[in-house]
Protein chains: 2
Amino acid sequence: MTEGVHSVTTIKDVAQHAGVSTATVSRVLNGHAAPTPETRTRVLAAVDELGYRPNALARSLRTTSTKTLGLVISDLVNPFFAEIARAVEEEARAHGYCVIVANADESADQQATYVRNLLDRRVDGLLVCPATDDPTWIAEVDANDVPLVLLDRTVEGATCPVVRADGAQALAELAEVLRAAGHRRVGVIAGPADTSTGRERLEQFARGGLDLEVVHGDFRRDSGALAAAELLSRADRPTALVAMDNLMGLGALEELRRRGLKVPDDVGLAVYDDQPWFPLLDPPITVVAQPTVEMGREAARSLLELIAGAQPADVRLTARLVVRGSCGEATGAA
Amino acid sequence: MTEGVHSVTTIKDVAQHAGVSTATVSRVLNGHAAPTPETRTRVLAAVDELGYRPNALARSLRTTSTKTLGLVISDLVNPFFAEIARAVEEEARAHGYCVIVANADESADQQATYVRNLLDRRVDGLLVCPATDDPTWIAEVDANDVPLVLLDRTVEGATCPVVRADGAQALAELAEVLRAAGHRRVGVIAGPADTSTGRERLEQFARGGLDLEVVHGDFRRDSGALAAAELLSRADRPTALVAMDNLMGLGALEELRRRGLKVPDDVGLAVYDDQPWFPLLDPPITVVAQPTVEMGREAARSLLELIAGAQPADVRLTARLVVRGSCGEATGAA
DNA sequence: ACTGGCCCTGTAATCGATACCACGTGACCG
DNA sequence: CGGTCACGTGGTATCGATTACAGGGCCAGT
């Protein structure tokens, strides 16, 4: 338990202390067949006494398994992704895996760097929320034969499982709610055109048949404020705004407040992604809520299956509309 | 660049391809003295052609350095910690280090498990936001001679550097603001008594001389709602609530809304930790804002210094009061 | 009593890199 | 012209584990 001089104890020390070979120690620790109950207890006693813990690096080098998943996330400060990260981590832990979270900050470069870094560390599998459509980094993952699952967003020619939420229905309903509340011209604060979610949400919402004014943001707070500012400055200002992500929604709210515009009387508002504080606003914000926890969990499950050798199918969960009041009330004249 | 059969290329392959020894390849890749410009380019060409990337596990095993920091955080979904995590990660990256984020979920057990796991992985240093005061896990870190820095919270007999924010001044001012607004009996939703921040904030606020009703929460949302409910149900209900953490503040806000109580007329409110959406509420929430980004950055810097062999001092940043209106206006009769 | 087989254990190779040491070569100097 | 020194390079031990293989002891069967 107590080493006078601090020095990491190795399997060799344990072997010596227990009067056996390192092979035997290893066998005991890995529950392998063989060791006699008697040697077993002797080894375990030595382990305990020396406070021995196996060096994970050495072990992984030998076994080519790290029991570690890599998670590359677009933006850690985005609560949507933070929640996903947590769910992934929980599911992974339940299966004896550890997760390394890397934050790409919505940058394709940084994402590529992290993917490489995680591959270097020989993670057993990779979970990525792609920052952009650029698929070049995938080749690198494939070349290393590392299982890969895409989360939330997809990229061009991805052949790996994808886990995401489908908001088509919810966005159609949202268009209907806006129309019913008398909105005809709607300003959309869309995500980047080079992300699948950016494009899809816009496209699906466009099917609602409303007259759209579109400005693209980058899924971050400031871009939401900027986009809102631009939309609200236009000659015939839209009567409602829809932000396609919670952070841009936050930015839009800030801009509305700055301009002293009242929701929903001056301008209606809806946001993609729910947040715990949206119901606390006055009025509470109407949102498209994504099943974040399930997304994280399913993604982790898929990846673990892939690692185990199975061929999990794509997972498509459904987002749902939560009407709260920030779009105004339905008028008789629908 | 393209390997027909997927197989990881090792340094041996590169050596063979370039017609040199593995030692030379290693020297080139590590910028060591020696290699001739000519062999240099030849090796680099081979590296490029084979798409070789060194195995970080093997390298770390040999060098006993992983260029990795471990960050154990109390709760990843808490935006306060998420922001800290991001700052840590950014600072670490700037110095060529990678960060493994582990989420203890405010559980001492899970924290201990993760600390052990990170030690097993031979991180070069450890950054911990302790879940509780229990200091037993520190012995383990010390036994491995791994540099340690405590973040946000401290524990009993910690001999390592600590980075935190000092809210004494801000809390004193808050007490003054509340008093000026006519509040005398204040309900405090305090953090757990077995965390340093839980105790300190309460104690420092208590110095303000107000009549306090205290209920302890656990730094999470639900406990904030529960505590608020209890305080508001008491016979002579406090005229204001102070939540000692943003998540408990969120819970308290939800409870207030549920009861239809208006802030600040029915009950005043202040929260420890600022959040981007607090200014958007009606009224905007008065808060004690912590310098989260600086905390993360300073913690990372301290740890890196410690790793480099220096003896960084404790860092104590200051939190500041941001008065917004949720505590009511100062009345003439102060 | 001898032998075959099983069970437990130890020896040693191995994972993929780094680093120490020694060696060969060319240059420089006396 | 020979010796020394410096520099570039290769061979090999090593990091700390796992694991294939081999060997020794013991029991049972004939």
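Naming convention: chains lettered A, B, ... in sequence-line order (proteins, then strands); numbering from 1 in each chain.
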(request) Could you tell me the separation between the CD1 atom of Ile11(B) and the P atom of dA17(C), rounded to a whole number of Å? (result) 6 Å
(message) Just the rounded figure in Å: distance from C1' of dT12(D) to NZ of Lys12(B).
(response) 12 Å
(message) Any side-chain N or O of Asn30(B) below 4.0 angstrom from OP1/OP2 of dT18(C)?
(response) yes
(request) Please tell me which of the listed nucleotides, dT18(D), dT11(C), dG16(D), lies nearest to the side chain of Arg59(A)? (result) dT18(D)
(request) Report the distance from atom CG of Leu57(A) to atom C1' of dT18(C), rounded to the nearest whole Å. (result) 14 Å
(request) Report the distance from atom CG of Leu61(A) to atom C1' of dG16(C), rounded to the nearest whole Å. (result) 6 Å
(message) Quick check for you: among dT18(D), dA17(D), dG10(C), whose closest atom lies nearest to any side-chain atom of Thr10(A)?
(response) dA17(D)
(message) Quick check on Asp109(A): does its CG atom have over 12 non-hydrogen neighbours (other residues, nucleotides or ligands) under 6.0 Å away?
(response) no
(message) Quick check on Arg40(A): does its CZ atom have over 12 non-hydrogen neighbours (other residues, nucleotides or ligands) under 6.0 Å away?
(response) no
(message) Under the criterion side chain to side chain contact (heavy atoms under 4.5 Å, CB included), I'd like the reasoning laid out for Glu90(B) against Asp105(A): C-alpha separation, chi angles, the key distance, then a yes or no.
(response) CA-CA 10 Å; Glu90(B) 222 159 60; Asp105(A) 251 328; 3.7 Å; yes
(request) Give the rounded distance in Å between these two atoms: CD of Gln16(B) and P of dG10(D). (result) 13 Å
(request) Whole angstrom is fine here: how far is it from CD in Glu38(A) over to C1' in dC26(D)? (result) 16 Å
(message) For a quick check, tell me whether the side chain of Arg62(B) and the base of dT14(D) share a donor-acceptor pair closer than 3.5 Å.
(response) yes
(request) Please work out if Ser60(B) contacts a base, only the sugar-phosphate, or nothing of the nucleic acid, heavy-atom cut-off 4.0 Å. (result) nothing
(request) Could you tell me whether Thr64(B) contacts a base, only the sugar-phosphate backbone, or nothing, with contacts defined as non-hydrogen atoms closer than 4.0 Å? (result) nothing
(message) Quick check for you: among dA12(C), dG10(D), dT18(C), whose closest atom lies nearest to any side-chain atom of Thr63(B)?
(response) dT18(C)
(request) Nearest whole angstrom, please: distance from the P of dA17(C) to the CZ of Arg27(B). (result) 16 Å
(request) Indicate, with a heavy-atom threshold strictly under 4.0 Å, whether Ser26(A) touches base, sugar-phosphate, or nothing. (result) base
(request) Rounded to the nearest angstrom, tell me the gap between atom CG in Leu29(B) and atom P in dT18(C). (result) 7 Å
(message) Does either side chain, that of Ser26(A) or that of Asn30(A), offer a donor lying less than 3.5 Å from an acceptor on the other one?
(response) yes
(request) For atom CD of Gln16(A), decide whether the heavy atoms of other residues, nucleotides or ligands shown that lie under 6.0 angstrom number more than 12. (result) no
(message) Between His32(A) and dT19(D), is there a contact of a side-chain N or O with OP1 or OP2 at under 4.0 Å?
(response) yes
(message) So, OP1 or OP2 of dT9(D): does either fall under 4.0 Å of a side-chain N or O from Thr24(B)?
(response) no
